[in-house]
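Structure, as structure tokens:
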Amino acid sequence: MTEHALQDPPTQVRPTLRVGVLGAGTVGTQVIRLLLEQADDFAARSGARLEITGVAVRDLAAPRDPAVPRELLTDDATAVATGNDLVIELIGGIEPARSLILAALSAGASVITGNKALIAAHGPELYAAAAAAGSDFYYEAAVAGAIPVVYALRESMAGDRVTSVLGIVNGTTNYILDEMSTKGLSFEAALATAQELGYAEADPTADVDGLDAAAKAAILASLAFHTRVGIDDVQVEGIRDVTAEDIREARASGCEIKLLAIAQRREDDHASGISVRVHPALVPVEHPLASVHGAFNAVLIEAEAAGPLMFYGQGAGGAPTASAVLSDVVAAASHRVDGGQAPRESFYADLPVLGPEAAVTRYQIQLRVDDQPGSLAAVAGVVADNGVSIDSVRQSAYVGANDAIVTIVTHPAAVFHLEGAVAGLRALERVDDVVSVRRVEGL
Ligand SMILES: NC(=O)c1ccc[n+]([C@@H]2O[C@H](COP(=O)([O-])OP(=O)(O)OC[C@H]3O[C@@H](n4cnc5c(N)ncnc54)[C@H](O)[C@@H]3O)[C@@H](O)[C@H]2O)c1
Ligand SMILES: N[C@@H](CCO)C(=O)O
Ligand code: NA
């Protein structure tokens, strides 16, 4: 074959697919810009010309990025949802996004969304509507922005048995913790900077309280374990109570504090099922997740045959997220041209989702103790008596008193045993204060 024959004839007639966009905010604007700027590439890659017929917005008069042509704007979102071959939902939230997506699917459109909150609350309903209509339902942008982790779990890992997913999936909180760690800022000061830079919303609750990461954890767990996992199945703790002091102490013991999303398969004498949780944890500095800085995301997947896989990149922002949306647009468009369909929901394994009592993790316990002979032995005795095994102990002087700070890292322990040990420590006369109890991951 000559080189010439490999090239795409410019005159080739292609079908046209009608594309509707719901929402022209941070992500929608970039999706529209790229679809228009790179129209020929999208036509060549998908096999169809992608024509944006309408962009539904809430306020027609609002100032807009010039990348969004004014003549495409409409405030009739239902018409955009029901009058196109491909519908891209980038409004966010539950309603009206849910109703618009259902309307689009029942009108026969394929739907692409980045809406993790909606999928974590109503995923099965959306999948069922897509299957009933014979349409595609795609959502790469919903988890970790540009990082192709939905594709990885839904398609690349379809031939393997995933055992765990461990990730930093919220850019805002990673930025805040990183600023606290590298610049010594307080939580409040770091949050204010994140808001100034546009990472955090004016109302940062979903990010800071771990709910955005929990929605993503639910999606990751559903895909990894072929089991329906909703946001209510995820144990969530955010980063509001992480102090600059916690981070300094973590660094002194060779760790960073990261907000982690964790989905693990458990099959042992004590529990069988999956554990899905989001919480701050100490991560040893040599662990790959410890060096994920700023608003970046990273996801580690472990599977039986593949072993460990690591994904890293931009988990938020208009253009990075648009990249993920557009990969789905190309896939959905090429199915319209050449046949084929997106993977359907896979929940055959139906594994039980375990409660918080089943979690077995390592902990770091920090105590302020009397710096007297026998204090360490008393502390170690209480921990052992409660069935918790100690991995390491570090003692440092406490400034301004006859006290010492003792930092204990345990071997993996059940919550029940850990709570017993902490209660026992609090009751010890030699222990003035249990300063902090944090989970440790990645040891
Ligand atoms: N921004 C990111 O970094 C990012 C990353 C991954 C996924 N996402 C997801 O992408 C989606 C969009 O996020 P975003 O950051 O672009 O949000 P955004 O708030 O910037 O944009 C949403 C837009 O939708 C508009 N809107 C609200 N109700 C509407 C309605 N009824 N009809 C038409 N338009 C309406 C809003 O006015 C706004 O312009 C969300 O689901 C979000 O979770 C965002
Ligand atoms: N608010 C989210 C956007 C991406 O979902 C974050 O900070 O990661
Ligand atoms: Na992604």
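Computed from a predicted model, the values in this text were never measured in an experiment. Nothing fancy with the numbering, it's 1 onward along the sequence. All ligand and atom numbering here is 1-based and tracks the order in the structure.
Residues Ile119 and Val143 have side chains not in contact (no heavy-atom distance under 4.5 Å, counting atoms from C-beta outward). Within the 4.5 Å cutoff, the side chain of Leu191 has heavy atoms near those of the Pro204 side chain. Taking the side chain as every heavy atom from C-beta outward, Asp40 and Arg49 approach each other to under 4.5 Å. Side-chain contact between Arg439 and Tyr363: present, with at least one pair of heavy atoms (C-beta onward) separated by less than 4.5 Å.
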Could you check ligand 1 for N or O atoms lying under 3.5 Å from protein N or O atoms and list the pairs with distances?
unit_1: ligand 1; atom_1: 3 (O); unit_2: Gly317; atom_2: N; d: 2.6
unit_1: ligand 1; atom_1: 16 (O); unit_2: Thr26; atom_2: N; d: 3.2
unit_1: ligand 1; atom_1: 16 (O); unit_2: Val27; atom_2: N; d: 2.8
unit_1: ligand 1; atom_1: 20 (O); unit_2: Thr26; atom_2: N; d: 2.9
unit_1: ligand 1; atom_1: 20 (O); unit_2: Thr26; atom_2: OG1; d: 3.0
unit_1: ligand 1; atom_1: 37 (O); unit_2: Arg58; atom_2: NH2; d: 3.3
unit_1: ligand 1; atom_1: 43 (O); unit_2: Lys116; atom_2: NZ; d: 3.1

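Considering only non-hydrogen protein atoms, atom 1 (N) of ligand 2 sits nearest to Asp207 OD1, 2.8 Å. Atom 5 (O) of ligand 2 has as its closest protein heavy atom Lys116 NZ, 2.4 Å. Considering only non-hydrogen protein atoms, atom 3 (C) of ligand 2 sits nearest to Ala316 CB, 3.8 Å. With respect to atom 7 (O) of ligand 2, the closest heavy atom belonging to the protein is Thr172 OG1, 2.6 Å.
In terms of polar-atom proximity, defined here as any N/O pair under 3.5 Å, Gly171 does make such a contact with ligand 2. Residue contacts with ligand 2: Asn297 is placed with no nitrogen or oxygen under 3.5 Å of a nitrogen or oxygen of the ligand (distance criterion only).
Ser181 and Glu256 share a donor-acceptor pair across their side chains, judged by distance under 3.5 Å alone. Checking Gln264 against Arg277 by side-chain atom types alone, a donor-acceptor pair falls below 3.5 Å. Side-chain atoms of Asp203 and Thr205 form a donor-acceptor pair, as typed in the model, at a separation below 3.5 Å.
No side-chain donor-acceptor contact under 3.5 Å links Asp85 to the backbone of Ser110. Within the 3.5 Å criterion, the main-chain N or O of Ile91 finds a donor-acceptor partner in the side chain of Glu89. In this structure a side-chain-to-backbone donor-acceptor pair under 3.5 Å is missing from Thr321 to Gly145.
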List, one per line, each side-chain donor-acceptor pair under 3.5 Å for residues 302-317, sequence neighbours excluded.
unit_1: Glu304; atom_1: OE2; unit_2: Arg161; atom_2: NH1; d: 2.5

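Taking a 4.0 Å cut-off on heavy atoms, Gly145 fails to register as neighbouring ligand 2.
Neighbours of the Na ion (ligand 3) restricted to protein N, O or S atoms under 3.0 Å: the count is 5.
With a heavy-atom cut-off of 4.0 Å, Asp212 touches ligand 2 through its side chain alone.
Remark: ligand 2 atoms within the under-4.0 Å shell around heavy atoms of Gly315 are 4 (C).
Between Arg362 and Asp391 there is a salt bridge, since at least one side-chain N of the basic residue sits less than 4.0 Å from a carboxylate O of the acidic one.
Between Arg240 atom CZ and Asp209 atom CG the span is 4.0 Å, to the nearest 0.5 Å.
Screening residues 329-346 for salt bridge (Lys or Arg N to Asp or Glu O under 4.0 Å) gives Arg228-Glu345 as the qualifying pairs, with residues at least two apart or on separate chains.
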